[in-house]
Amino acid sequence: MDNLHALLDANQAFALNGRDTTNHCPMALHALYEMGASQAQLQRFFTHWQSDHALPAGAANQNDEERHFVQLRQQFAIRIAKEGWLPTFETLLEDGLSPAGGAFHPLIRLACALENGHLGEQAAALAAWRCKPLILPAGEGSECPDISALLGSLSAQWEGSHWPGEWITARLRQVAADSRWPGSLPRSLAGGGDLLAQLAEAALPLYWQTRNFTVLHLVTGSRAAAIVARHLPDALRERWQTLMWQAVAAAFITVGAPTLKFQRWPDVTGFHWERVLSRANESLDDHVIKLVHCCWREQVDSSHPYRYLAVAARAVGLLESESERVA
């Protein structure tokens with residue numbers, strides 16, 4: 001863990017946003033570490049990110065958002081050192097900030113930081129969330145029983161819709177501003193149960209079907225939301241679940257709300273996690289690394305572990321080659 005923390009410390013020298021991307025480095029490092037990557041592999045990825053994607057923090061790269069991020073990270077670090085991360089998180093929750101803000105990256109970054117215990121990363125994740133605020137209008141539609149019914153209802157209303165723009169967050173803001181959004185979103189989900197587990201089980205086949213880049217973030221983001229939920233007191237969990245399923249609903253609409261079809265999952269007999277993880281640890285693709293890590297961790301408690309293995313094996317090229325990603 002010391003080696004990981006040293007690289008996470010070094011990551012603080014990178015700006016919040018890099019070259020045409022946000023800073024994925026700490027999340028990928030966490031995933032690599034958990035998958036058993038060697039120190040050399042961790043350092044190789046860090047060096048790759050530093051040379052190919054990162055922008056150095058500092059006056060030359062500090063636009064208003066970056067200055068705000070640095071200031072908040074410092075403030076949150078002081079508060080977290082005294083009180084832990086939860087009071088700051090609760091404040092953001094009270095403000096109604098969507099977990100989809102920053103294309104789910106602050107959420108995923110926070111979940112990684114909670115797992116590895118790096119206080120600086122906890123502060124950075126919460127600061128990034130605050131800097132990239134997304135507030136989704138509350139739903140006004142009829143109550144819905146569960147996640148499956150929610151996605152079916154959204155498909156009936158929004159399937160085939162198109163939202164221009166390259167960035168996930170920009171398209172989410174378009175959905176939030178659409179006058180049809182409040183009426184199409186239910187006021188609540190009535191079925192109870194573990195809604196975050198339902199989200200995870202729905203996101204995976206949707207990603208298998210679409211290979212959509214935004215949907216990939218629903219897979220990794222759903223797991224991250226469940227990690228955060230496990231650290232929350234009971235009084236905050238219902239609010240957190242609500243914000244998360246609303247975030248997934250908005251993201252689902254941005255990709256055209258496709259109807260989930262019957263999936264023919266491949267036979268993964270003969271595929272083993274050791275080989276999949278080995279390939280992921282050699283990868284320099286941060287999204288491949290995070291997706292494989294998520295699948296590996298999620299399959300442990302899933303009733304369909306072979307599905308996670310299939311998605312991970314496809315991501316590292318052991319099944320058919322992935323087609324070009326769709327935004």
Side-chain angles (χ1 to χ4, degrees), residues 27-28 30-36 99 104 107-108 110-112 114-116 145-152 189 191-232 237 240-241 244-245 247-249 251-252 258-281 283 287-320 322:
M27 299 173 273
H30 172 78
L32 287 168
Y33 175 82
E34 287 217 323
M35 292 188 296
F104 295 94
L107 161 62
I108 298 168
L110 176 62
C112 292
L114 293 178
E115 288 197 311
N116 62 45
D146 54 24
I147 296 299
S148 179
L150 168 67
L151 298 182
L189 298 187
D194 189 344
L195 294 177
L196 299 181
Q198 292 178 36
L199 286 175
E201 288 295 312
L204 194 74
L206 185 62
Y207 179 64
W208 181 261
Q209 172 180 310
T210 65
R211 302 186 181 189
N212 183 281
F213 190 52
T214 298
V215 178
L216 183 153
H217 289 75
L218 301 188
V219 176
T220 53
S222 294
R223 177 174 185 270
I227 292 169
V228 171
R230 289 197 290 270
H231 288 79
L232 296 180
R237 286 180 183 169
W240 176 239
Q241 285 198 138
M244 187 60 194
W245 67 254
V248 168
F252 182 60
T259 299
L260 184 60
K261 301 173 184 177
F262 175 78
Q263 302 301 310
R264 295 187 180 277
W265 294 92
D267 182 2
V268 292
T269 303
F271 289 91
H272 301 286
W273 278 108
E274 291 80 4
R275 188 179 178 198
V276 174
L277 298 185
S278 177
R279 285 211 177 190
N281 286 338
S283 177
H287 285 99
V288 167
I289 291 167
K290 290 186 293 177
L291 177 61
V292 171
H293 171 256
C294 173
C295 290
W296 173 57
R297 292 291 301 271
E298 285 293 282
Q299 58 90 25
V300 174
D301 296 319
S302 173
S303 57
H304 306 291
Y306 64 91
R307 296 181 178 180
Y308 285 99
L309 180 55
V311 170
R314 187 177 70 177
V316 298
L318 291 176
L319 287 175
E320 77 274 16
E322 279 205 300

Kindly indicate whether the side chain of [X], heavy atoms from C-beta on, has any atom under 4.5 Å from the side chain of [Y].
| X | Y | answer |
| --- | --- | --- |
| Pro205 | Trp265 | yes |
| Gln241 | Asp194 | yes |
| Pro258 | Phe252 | yes |
| Ser283 | Leu32 | no |
| His293 | Arg223 | yes |
| Arg230 | Leu114 | no |

When you measure from the side chain of [X] to the backbone of [Y], do you find a donor-acceptor pair of N or O atoms at a distance under 3.5 Å?
| X | Y | result |
| --- | --- | --- |
| Trp240 | Ala225 | yes |
| Ser278 | Glu274 | no |
| Ser302 | Glu298 | no |

Can you check side chain to side chain contact (heavy atoms under 4.5 Å, CB included) on Gln209 and Leu260, steps first, answer last?
CA-CA 8 Å; Gln209 172 180 310; Leu260 184 60; 3.5 Å; yes
Check against side chain to side chain contact (heavy atoms under 4.5 Å, CB included), Trp296 and Leu277:
CA-CA 8 Å; Trp296 173 57; Leu277 298 185; 3.7 Å; yes
Run the numbers on Val311 and Arg307 for side chain to side chain contact (heavy atoms under 4.5 Å, CB included), then give the verdict.
CA-CA 6 Å; Val311 170; Arg307 296 181 178 180; 5.7 Å; no
Write down the atom of [X], the atom of [Y], and the distance for their closest heavy-atom approach.
| X | Y | value |
| --- | --- | --- |
| Leu150 | Ala249 | CD2-CB, 4.4 Å |
| Ala312 | Val292 | O-CG2, 4.0 Å |
| Asn212 | Thr214 | OD1-N, 2.8 Å |
| Asn281 | Gly36 | ND2-C, 3.9 Å |
| Ala28 | Ile289 | O-CG2, 3.8 Å |
| Thr220 | Leu291 | CG2-CA, 4.1 Å |

Could you state the interatomic distance from [atom1] ([X]) to [atom2] ([Y]), rounded to the nearest 0.5 Å?
| X | Y | atom1 | atom2 | value |
| --- | --- | --- | --- | --- |
| Trp245 | Ile147 | CH2 | CD1 | 7.5 Å |
| Lys290 | Met35 | NZ | CE | 11.5 Å |
| Cys112 | Glu34 | SG | CD | 8.0 Å |
| Tyr207 | His217 | OH | NE2 | 10.0 Å |
| Arg314 | Cys295 | CZ | SG | 10.0 Å |
| His304 | Leu204 | NE2 | CG | 10.0 Å |

Please assess Gln263 against Lys261 for the test side chain to side chain contact (heavy atoms under 4.5 Å, CB included), listing each intermediate value before the final yes or no.
CA-CA 6 Å; Gln263 302 301 310; Lys261 301 173 184 177; 4.1 Å; yes
Would you please name every residue forming a salt bridge (Lys or Arg N to Asp or Glu O under 4.0 Å) with Arg237, sequence neighbours left out?
Asp234
Will you find, in the side chains of Asp267 and Thr269, an N or O donor that is under 3.5 Å from an N or O acceptor?
yes
